[in-house]
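One structure below.
Throughout, residue positions are numbered sequentially from 1 according to the sequence presented.
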Amino acid sequence: MIKKNIPNIITAANLFTGAVGVYFASQFDFESVAICIVLAAFFDFLDGMLARLLKVHSEIGKQLDSLADMVTFGFLPSYILFQLLQMNDAGILSFAAFLIAVFSAFRLAKFNIDTRQSEEFIGLPTPANALFIGFLFFLGDMEMISFLFTTPALLIIAVVFSLLLVAELPMIALKFKNFNFKENIFRYLTIIMAIILISIFQFSAIPVVILLYILLSMIKFTLFSRN
């Protein structure tokens, strides 16, 4: 009985961490929010891995995972955007940020019934979306990209990333069936580039890593669609 519920306990940790992140976002403590998102992403990876290792897949675990992700990777990033828009005195336009929550719900519901997503994702995964938005704060000191924190740019981010969540765009899944370089070249490129950028630029690199992940996925999709 305990063995069966280990992945669910890890999923609950994801949900708890996401809820704590919402509190920190309400206090405009975006550094703590970013830490919560990283921890939650780790728990989200761990629960699935443990479920496979322990062979304890269950329907309740699947539904609990989606509910946890909805809070942590759906509502939390939308609330971060909302708070950033509020800092700009965007008024009623600030509520556009919650499009992220709405489209995250569609993304998660679609994932649960889409049999095509066993080896690759269709649409931007919600954890990747949350990491991008959650770490925007760390780009704030770079004058050349300060425009990202203007109201128009934040609104564009809300709309574009909402659409990416449900787009019919195959995205790289970091799931290795084998370690053959040719078969996994885009997975290796994603990991190597992420390691290099994060080692140099630390937290500021994470939004860039997510953008590169999207770009590499589009390149892979374009190349394979021609074959």
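Using a 4.5 Å heavy-atom threshold, the side chains of Phe138 and Ile206 count as separate. The closest side-chain heavy-atom distance from Phe186 to Ile219 is below 4.5 Å. Here the side chains of Met171 and Tyr213 are in contact, with some heavy-atom distance below 4.5 Å. Phe111 is listed as a side-chain neighbour of Phe121, based on a closest heavy-atom distance under 4.5 Å. Side-chain contact between Leu93 and Leu85: absent, with no pair of heavy atoms (C-beta onward) separated by less than 4.5 Å. With contacts defined as side-chain heavy-atom distances shorter than 4.5 Å, the pair Ile157/Leu136 qualifies. Side-chain atoms of Met193 and Leu216, non-hydrogen and from C-beta on, do get closer than 4.5 Å to each other. Put simply, the side chain of Thr126 does not reach to within 4.5 Å of the side chain of Met70, judged on heavy atoms.
Note: Phe95 and Phe82 have tilted aromatic rings, judged against thresholds of 30 and 60 degrees for the angle between ring planes. Note: Phe75 and Phe98 have parallel aromatic rings, judged against thresholds of 30 and 60 degrees for the angle between ring planes.
Ser66 and Asn112 share a side-chain donor-acceptor pair at under 3.5 Å.
Tested against Asp47, the residues Asn14, Thr11, Asn8 include a single side-chain hydrogen bond (donor to acceptor under 3.5 Å, both in side chains) partner, Thr11.
Under the 4.5 Å side-chain heavy-atom criterion for ILVMFWY residues, no single connected hydrophobic cluster contains both Leu67 and Ile9. Both Leu215 and Leu169 are assigned to one and the same hydrophobic cluster, defined by single-linkage of ILVMFWY side chains at heavy-atom distances under 4.5 Å.
At distances below 3.5 Å, not a single donor-acceptor pair connects side-chain atoms of Ser204 with backbone N or O atoms of Leu139.
Within a 6.0 Å radius of CE in Met218, other residues, nucleotides and ligands contribute 12 heavy atoms or fewer.
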